[in-house]
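So the structure is just underneath, and the comments pick up after that.
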Amino acid sequence: MTGILIGSVCAFAIIVSAVVMMIDRLAGRFALWLQRRKLRRTSKRKRGVHAHSGIARKI
């Protein structure tokens with residue numbers, strides 16, 4: 001009886017850990033996607049900056 005209980009608890013722990021690992025991977029990909037998206041937005045703003053002399057500088 002106790003063997004079945006221990007085995008089921010171990011199986012449950014393995015399933016829970018696998019689900020947590022999948023959520024962690026998805027969260028990491030989502031964070032990278034947001035970071036890339038944020039970098040694209042900020043880089044577009046800094047493309048052409050007027051240098052007050054009639055010349056546009058690229059930063």
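Computation of the quantities below employed the complete heavy-atom set of this structure, encompassing side-chain atoms and omitting hydrogens, waters and symmetry-equivalent molecules. The model shown is predicted, which means the values in this text are computed figures rather than measured ones. For the single chain, residues carry numbers from 1 onward in sequence order.
- Residue Ile4 places its CD1 atom among 12 or fewer non-hydrogen atoms of other residues, nucleotides or ligands, all under 6.0 Å distant.
- A distance of 13.5 Å separates NZ of Lys38 from CH2 of Trp33, quoted to the nearest 0.5 Å.
- Residues Val20 and Phe12 share a single hydrophobic cluster, defined by chaining ILVMFWY side chains whose heavy atoms lie under 4.5 Å apart.
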